[in-house]
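Please read the structure below before turning to the comments.
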Amino acid sequence: MLKVAIYGKGGIGKSTVTSNLAAAFATMGKKVIQIGCDPKADSTMNLLGGEPLRPVMNYMREEDEEPEKLEDIAREGFGNVLCIETGGPTPGLGCAGRGIIATFQLLEDLKLFETYKPDVVLYDVLGDVVCGGFAAPIREDYAEKVLIVTSGEKMALYAADNISKAVKNFEDRSYARVFGIVLNHRNVENETEKVEIFAKEHGFDIVGEIPRSDEINRCEDQGKTVIEGNPESDISKCFYDLAEILWKDEEQV
């Protein structure tokens, strides 16, 4: 089973990368789960026709009980990708990281992986603050590979550096490792060179590169990934190529 945690600064495009990657794997015939680990709970919308999914934390808060079955908190989207959102506490109250930890424990109790038997599990994780909760996907064998999504913008690279440090803290415990960098272009000056320097300094490879594209925006306005909206496009090929790289590496393990 391929298990990947995708981190990046808020607003850098990690949800776009995750959902398109999920859609790419699904069209390659893989059984996929995508888990959004962000209080905004917007990770899976473009796999669900633009419709938001009721997050796990909302369910527990509104029903005042834990869900008894996966169908209460999960929904299949494009390509039969199973979509789950952790959500978070009421804004201004509580810790979002604790919500992630509570959700993961609940998914274990509901035997998510034993029941669904996925080929690929993708975690879309907020990367501005890698606290205990946000680090949960790279601990306890939830994820084995980490993708860091960044542009050449200063704050995106700053967040990427913090994420890389957090992952390295777990390396000696045989937790997840950084598989590589995904360069999501914002067309800033000398962007490619800046990210190449960052990757070299940290010993990472740039394993994916997504050009700035209005096509992604047009598809997302329709509640779709670009994989669903135009699977033959050059942008879609970028996501297929990344999926192939990840799967090939998994087969060699």
Side-chain angles (χ1 to χ4, degrees), residues 4-25 27-28 34 36-38 40 42-47 50 78 122-128 130 145-167 178-249:
V4 185
I6 301 173
Y7 283 85
K9 174 185 176 294
I12 198 57
K14 61 183 174 51
S15 294
T16 294
V17 170
T18 307
S19 57
N20 275 282
L21 196 54
F25 276 122
T27 56
M28 290 162 56
Q34 179 170 326
C37 304
D38 189 322
K40 297 195 301 297
D42 58 357
S43 173
T44 59
M45 284 180 61
N46 292 320
L47 294 167
F78 173 77
L122 302 176
Y123 301 89
D124 175 6
V125 195
L126 182 68
D128 289 292
V130 190
K145 295 179 174 66
V146 173
L147 289 177
I148 300 177
V149 180
T150 188
S151 67
E153 297 165 303
K154 181 179 179 180
M155 294 311 296
L157 289 170
Y158 179 79
D161 182 60
N162 281 339
I163 294 162
S164 69
K165 289 175 181 175
V167 176
V178 175
F179 182 76
I181 300 289
V182 177
L183 169 51
N184 191 26
H185 282 273
R186 292 297 177 86
N187 293 346
V188 299
E189 188 175 0
N190 299 322
E191 184 165 38
T192 300
E193 291 83 352
K194 289 176 181 177
V195 177
E196 285 177 344
I197 290 170
F198 173 86
K200 185 177 180 180
E201 288 177 344
H202 289 73
F204 301 149
D205 294 323
I206 298 175
V207 295
E209 198 164 343
I210 315 300
R212 188 80 164 167
S213 172
D214 290 335
E215 189 171 6
I216 292 176
N217 296 331
R218 285 194 297 270
C219 289
E220 291 188 346
D221 285 344
Q222 300 171 40
K224 298 178 180 179
T225 61
V226 71
I227 295 289
E228 179 182 3
N230 189 359
E232 304 300 323
S233 71
D234 290 340
I235 295 297
S236 291
K237 185 177 185 303
C238 295
F239 294 111
Y240 280 119
D241 288 347
L242 179 56
E244 291 281 4
I245 290 170
L246 285 161
W247 190 254
K248 184 177 180 180
D249 183 79

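Positions are given from 1, in the same order as the sequence printed here. All heavy atoms count here, side chains included; hydrogens, waters and symmetry mates do not.
The shortest side-chain heavy-atom distance between S15 and D42 falls under the 4.5 Å cut-off. A heavy-atom distance below 4.5 Å is found between the side chains of L242 and L147. Two residues are said to be in side-chain contact when any heavy atoms from C-beta on lie closer than 4.5 Å; H202 and D161 meet this criterion. Within the 4.5 Å cutoff, no side-chain heavy atoms of N46 are placed close to those of F78. Contact check for K14 versus D38: side-chain heavy atoms found under the 4.5 Å cut-off. Side-chain contact between E196 and I206 is present, with heavy atoms from C-beta onward closer than 4.5 Å. Looking at heavy atoms from C-beta onward, T192 lies out of side-chain contact with K194 at the 4.5 angstrom threshold. Using a 4.5 Å heavy-atom cutoff, the side chains of N20 and I235 are not in contact.
The backbone N or O of E228 lies less than 3.5 Å from a partner atom in the side chain of T225, making a donor-acceptor pair. Proximity of a side-chain donor or acceptor of E191 to a complementary backbone N or O of N187 within less than 3.5 Å is detected. Checked by atom type and distance alone, the side chain of S236 never pairs as donor or acceptor with a backbone atom of E232 at under 3.5 Å.
Within a 6.0 Å sphere centred on CG of D234, heavy atoms belonging to other residues, nucleotides or ligands number 12 at most. Within 6.0 Å of CD in E193 there are more than 12 heavy atoms belonging to other residues, nucleotides or ligands.
Taking both residues in full, the closest heavy atoms of L21 and F239 are given as CD1-O, 3.8 Å, listed atom of the first, atom of the second, then distance. In this structure, L47 and A23 approach most closely via the heavy-atom pair CD2-CB, 4.1 Å. Of all heavy-atom pairs spanning Y7 and L126, the tightest one is CD2-O, 3.9 Å. Here the closest non-hydrogen pair linking N184 and G13 is ND2-CA, 3.8 Å. Looking at every heavy atom in both residues, D124 comes nearest to S43 through OD2-OG, 2.8 Å. Annotation for M28 and A243: closest pair SD-CB, 3.8 Å, computed over non-hydrogen atoms.
Under the 3.5 Å distance criterion, with hydrogens and angles disregarded, no donor-acceptor pair is assigned to the side chains of Q34 and S19.
One finds the CG atom of N230 at 10.0 Å from the NZ atom of K224 (value rounded to the nearest 0.5 Å). Expressed to the nearest 0.5 Å, how far CE of M155 lies from OG1 of T150 amounts to 11.0 Å. Between atom CD1 of residue I227 and atom CD1 of residue I216 there is a gap of 9.5 Å, rounded to the nearest 0.5 Å. The CZ atom of F198 lies 6.0 Å from the CD1 atom of I148; values are rounded to the nearest 0.5 Å. The structure places CG of L122 at 6.5 Å from CZ of F25, a figure rounded to the nearest 0.5 Å.
Screening residues 145-157 for salt bridge (Lys or Arg N to Asp or Glu O under 4.0 Å), with sequence neighbours left out, gives K145-D249, K145-E250, E153-R186.
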